[in-house]
Amino acid sequence: MKLSIACATMIVIITAVHGQQQISQECFTRPNDKDPKDCCKSPDMMPPRDQFAACMQKFPRPSSPPTPGSAPLGQNCMAECMLEKQGIMTGGVINKDTATSNLVALAGSSSDWQATTKKAVDTCYQKVSSIGTQKDSLGCSVIAGSFMECLPSTMFLNCPAASWTANAQCDQMKAHLQKGCPLMTLFKGPPPQ
């Protein structure tokens, strides 16, 4: 997970994991053209490639674009698969302690990033707890997709001062996320069709 922020690579791959909730079309109007990676320098937190490859094979990227404002078909499934492979989710339930320990380990030795990661897991766990066992149209866990969408946005919003580039463009990106837009909407690329 490198946004260099946890899950940013997932965002590029998963593109729009946002549970069953629709993403406001307003979110796809980027505040500027700056690369979010230049705003927050984070540790490389990618899960093992073999886990990622296994999930991509099981849930390949859809051939057609999603309907306007909705997550691509199968993205909750991809998130659920990744969380299960990492031992973070079992039987449709996220284990907060395992999520914290696994993700903090990926954050490396930086105490700032360890604290940011713990906060992100706490925040996102609380946010998605109300979803319960809700499934999408493919029978995959909505909580998985929502949790995976929440993590990188929360980490970006709480980027440690030593890793943050303070300037107007980066501040605009934070304000964009504070409106409830997911981090993936800050990356270049066409909005969903």
Side-chain angles (χ1 to χ4, degrees), residues 1 3 5-30 36 45-96 98-99 102-103 120-157 176-177 179-193:
M1 303 190 248
L3 175 65
I5 283 270
C7 298
T9 300
M10 291 290 185
I11 292 172
V12 171
I13 298 158
I14 296 179
T15 27
V17 174
H18 201 264
Q20 295 260 102
Q21 301 172 6
Q22 291 197 346
I23 299 170
S24 166
Q25 205 59 37
E26 173 188 345
C27 288
F28 291 100
T29 301
R30 296 178 67 219
M45 296 178 66
M46 275 302 292
R49 289 179 191 220
D50 61 329
Q51 292 177 0
F52 177 73
C55 290
M56 280 299 289
Q57 188 170 9
K58 190 173 179 181
F59 301 105
R61 177 178 270 168
S63 58
S64 60
T67 57
S70 65
L73 191 61
Q75 300 318 311
N76 287 326
C77 299
M78 180 67 176
E80 184 174 7
C81 180
M82 289 303 301
L83 291 174
E84 286 175 347
K85 293 244 180 247
Q86 294 175 55
I88 293 172
M89 180 175 237
T90 305
V93 176
I94 292 176
N95 182 312
K96 183 181 168 192
T98 303
N102 287 5
L103 295 175
V121 171
D122 287 345
T123 299
C124 295
Y125 183 81
Q126 287 180 346
K127 180 178 179 180
V128 304
S129 291
S130 64
I131 295 172
T133 59
Q134 185 179 359
K135 302 283 187 183
D136 67 12
S137 62
L138 295 178
C140 296
S141 173
V142 173
I143 197 172
S146 296
F147 188 72
M148 290 293 285
E149 182 274 319
C150 178
L151 286 172
S153 298
T154 303
M155 292 180 81
F156 187 90
L157 284 169
H176 182 78
L177 297 184
K179 294 189 299 187
C181 296
L183 185 67
M184 60 73 78
T185 61
L186 293 177
F187 288 89
K188 291 183 181 178
Q193 302 297 319

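These values consider heavy atoms only, across backbone and side chains, with no hydrogens, waters or symmetry-generated copies.
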For this session: Please answer whether the main-chain N or O of Q86 pairs with a side-chain N or O of N102 as donor and acceptor at a distance below 3.5 Å.
Result: yes

Exercise. Which residues pass the side-chain contact (heavy atoms from CB on, under 4.5 Å) test with D122, sequence neighbours left out?
Worked result: K96

Problem set entry | Approximate separation, where rounding is to 0.5 Å, of C124 SG and I143 CD1 | 11.0 Å

For this session: Using modelled atom types only, decide if a donor and an acceptor are shared between the side chain of E80 and the backbone of A144 within a distance under 3.5 Å.
Result: no

Problem set entry | Contact summary for S141 and G92, nearest pair of heavy atoms | OG-O, 4.4 Å

For this session: Report the distance from atom CG of L177 to atom OG of S153, rounding to the nearest 0.5 Å.
Result: 5.0 Å

Seminar exercise, completed: Heavy-atom nearest pair, K85 first then Q51, reads O-NE2, 3.4 Å

For this session: Considering non-hydrogen atoms only, spot the tightest contact between T185 and F28 and give its length.
Result: CG2-CE2, 3.8 Å

Seminar exercise, completed: Between I94 and M89, the two heavy atoms sitting closest are CG1-CE, 3.8 Å

Seminar exercise, completed: Taken in chain and number order and not counting sequence neighbours, the residues that satisfy side-chain hydrogen bond (donor to acceptor under 3.5 Å, both in side chains) with T98 are N95

Problem set entry | Closest non-hydrogen atom pair, P152 against L183 | CB-CD2, 3.5 Å

Problem set entry | Closest non-hydrogen atom pair, Y125 against F147 | N-CE1, 3.7 Å

Exercise. Could you give the distance from CG (D50) to SG (C55), rounded to the nearest 0.5 Å?
Worked result: 9.5 Å

Exercise. Atom NE2 of H176 and atom OG1 of T29: how far apart are they, to the nearest 0.5 Å?
Worked result: 8.0 Å

Problem set entry | S146 OG to Q134 CD distance, which is reported to the nearest 0.5 Å | 8.0 Å

Exercise. To the nearest 0.5 Å, what is the distance between SG (C77) and CE (M82)?
Worked result: 14.0 Å

